[in-house]
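Below is one structure, written out as structure tokens; the observations come after it.
Excluded from the calculations below are hydrogen atoms, water molecules and symmetry mates; all remaining heavy atoms, backbone and side chain alike, are included. Just so you know, ligand 1 is whichever comes first in the structure, and atom 1 is the first atom listed for that ligand.
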Amino acid sequence: MGKLFVVGTPIGNLEDISARGIKTLEEVDFIAAEDTRVSLKLLSRYGIKKPMVSYYEHNARERGEQILQRILAGENGAVITDAGMPCISDPGEDLVALCAENGVEVVVVPGPSAAISALAISGLATRRFAFEGFLDPKKNARKKQLEEIKEDRHTLIFYEAPHKLLATLEDMLAVLGNRKISLARELTKTFEEVVRTDLQGAIEHFTATTPKGEFVLIVEGAAEQRAEIPLEEAVKQVKLLQEEGLSAAEAAKTISRQTGIKKGDLYKASLQ
Ligand code: SAM
């Protein structure tokens, strides 16, 4: 029995394929590619000549079965897509599931993904994040999806096509409120650009400048819900902390974080 290799390919710059990625593509018996013409550019850049089969969203079921049979019969196969990691908003997920169900070993040869690359340079919180991929192209469905995630505190990652960008940003502003956003465009390519702003600023920017190229949107998660308490109540809490030994400034800072009331206001009020 052969193996299935899931090989990450560049998201723009053809030099971003790993040495192991090239070696794997040279060694397998066949390559399943999303668009064989796109993948030929990468393969010819590295002098790789290999039989290819097309494997894309609409032939995935039937082609997946054929690929499985070849692997069961002893051939090694690789799956690649037009850009980035297979299976991430790209074909491959079903093939991996099919191979795994049939006892075929699935090996990953990691490569870049636009989502992770954009997150890394967003300047927003990276510790916890949620990948949302493409939102629905229909406005109502898109707004419903945004409603479902508007309380999510994770940093949110979206893919978007340039011609839908403004409509998506407007829906995000309407549903999520004016949050920080980092828009990563054409990563690793000649016109790579990162716009770090808020949703309102992004709409103004891309109304003035027509969006071009491929985009990843990194959107700040929902703010922590803070209990709304009156100032006098918060001041009492500051004084309690002071009685426990904290300085006025430290106590004001702690309670400010918990309540959202300005540290200076708490500090002044607690001195009175
Ligand atoms: N599997 C790919 C990955 O791992 O990144 C994603 C494929 S998905 C069909 C294509 C989307 O990824 C684009 O519409 C865009 O949102 C994003 N994308 C791909 N390459 C990009 C790049 N160089 N710069 C910015 N976004 C990119």
Side-chain angles (χ1 to χ4, degrees), residues 4-18 20-21 24-25 31-39 41-42 45 54-60 78-97 106-124 126 129-138 142 145-146 155-169 171-172 181-197 199 202 205-206 209-219:
L4 174 71
F5 293 86
V6 176
V7 182
T9 61
I11 56 170
N13 188 326
L14 292 188
E15 292 184 5
D16 289 337
I17 185 159
S18 70
R20 187 168 159 240
T24 304
L25 296 177
I31 299 171
E34 186 183 8
D35 183 335
T36 50
R37 287 161 308 177
V38 173
S39 294
K41 282 192 201 138
L42 175 71
R45 163 75 184 259
S54 75
Y55 177 77
Y56 53 91
E57 199 186 338
H58 297 294
N59 74 358
V79 60
I80 60 175
T81 55
D82 292 354
M85 278 306 288
C87 314
I88 308 300
S89 295
D90 257 346
E93 183 183 350
D94 297 346
L95 186 59
V96 168
V106 180
V107 180
V108 71
V109 183
S113 181
I116 298 298
S117 307
L119 175 68
I121 57 166
S122 66
L124 295 174
T126 57
F129 55 88
F131 175 65
E132 298 293 333
F134 290 99
L135 286 167
D136 199 296
K138 291 186 226 84
R142 184 165 64 223
Q145 288 174 328
L146 288 168
T155 298
L156 304 170
I157 308 179
F158 302 91
Y159 285 159
E160 193 48 289
H163 62 282
K164 292 192 229 130
L165 181 71
L166 266 177
T168 294
L169 291 174
D171 290 345
M172 284 179 172
I181 181 172
S182 168
L183 302 99
R185 187 174 84 85
E186 295 286 90
L187 291 174
T188 76
K189 304 186 200 176
T190 312
F191 297 106
E192 171 171 325
E193 179 187 33
V194 180
V195 179
R196 300 181 186 87
T197 175
L199 283 164
H205 179 90
F206 287 104
T209 320
T210 309
K212 283 192 196 131
E214 302 198 88
F215 282 86
V216 182
L217 316 182
I218 310 290
V219 180

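- The CG atom of Asp90 sits 11.0 Å away from the OH atom of Tyr55 when rounded to the nearest 0.5 Å.
- Each of the atoms 23 (N), 24 (N), 25 (C) of ligand 1 lies under 4.0 Å from some heavy atom of Glu186.
- For atom 9 (C) of ligand 1, the nearest non-hydrogen atom of the protein is Ser89 O, 3.1 Å.
- Within the 4.5 Å cutoff, no side-chain heavy atoms of Thr126 are placed close to those of Thr155.
- Close approach to Lys189 involves these atoms of ligand 1, each under 4.0 Å from a residue heavy atom: 23 (N).
- Summarising the geometry, atom NZ belonging to Lys164 is positioned 7.0 Å from atom CZ belonging to Phe134; distances are rounded to the nearest 0.5 Å.
- Atom 7 (C) of ligand 1 has as its closest protein heavy atom Asp90 OD2, 3.2 Å.
- Between Pro86 and ligand 1, no pair of N/O atoms sits closer than 3.5 Å.
- If you take CG on Leu187 and OG on Ser117, they are separated by 6.0 Å, rounding to the nearest 0.5 Å.
- What sits closest to atom 15 (C) of ligand 1 on the protein, heavy atoms only, is Phe215 O, 3.4 Å.
- For Ser113, a nitrogen or oxygen atom sits less than 3.5 Å from a nitrogen or oxygen atom of ligand 1, counting backbone and side chain alike.
- Residue contacts with ligand 1 include Phe134, since one or more of its heavy atoms lies under 4.0 Å from the ligand.
- Rounded to the nearest 0.5 Å, atoms CG (Asp35) and NZ (Lys41) are 8.5 Å apart.
- Ring to ring, Tyr159 and Phe131 are close: their centroids are under 6.0 angstrom apart.
- Scanning all protein heavy atoms for the shortest distance to atom 5 (O) of ligand 1 gives Ala114 N, 2.7 Å.
- Atom CZ in Arg185 sits 6.5 Å away from atom CZ in Phe206 (nearest 0.5 Å).
- Atom 2 (C) of ligand 1 has Ala83 O, 3.2 Å as its closest protein atom, hydrogens excluded (heavy atom only).
- Annotation: atom 25 (C) of ligand 1 to nearest protein heavy atom, Glu214 O, 3.2 Å.
- For the ligand labelled ligand 1, residue Val216 lies inside the 4.0 Å heavy-atom shell.
- Remark: Lys212 does not engage Glu186 in a salt bridge, criterion side-chain N to carboxylate O under 4.0 Å.
- In the vicinity of Met85, heavy-atom distances shorter than 4.0 Å reach the ligand 1 atoms 1 (N), 3 (C), 4 (O).
- Using a 4.5 Å heavy-atom threshold, the side chains of Val195 and Phe215 count as separate.
- Each of the atoms 16 (O) of ligand 1 lies under 4.0 Å from some heavy atom of Glu160.
- Considering only non-hydrogen protein atoms, atom 24 (N) of ligand 1 sits nearest to Leu187 N, 2.9 Å.
- Once rounded to the nearest 0.5 Å, the distance linking CZ of Arg37 with CG of Asp82 reads 9.0 Å.
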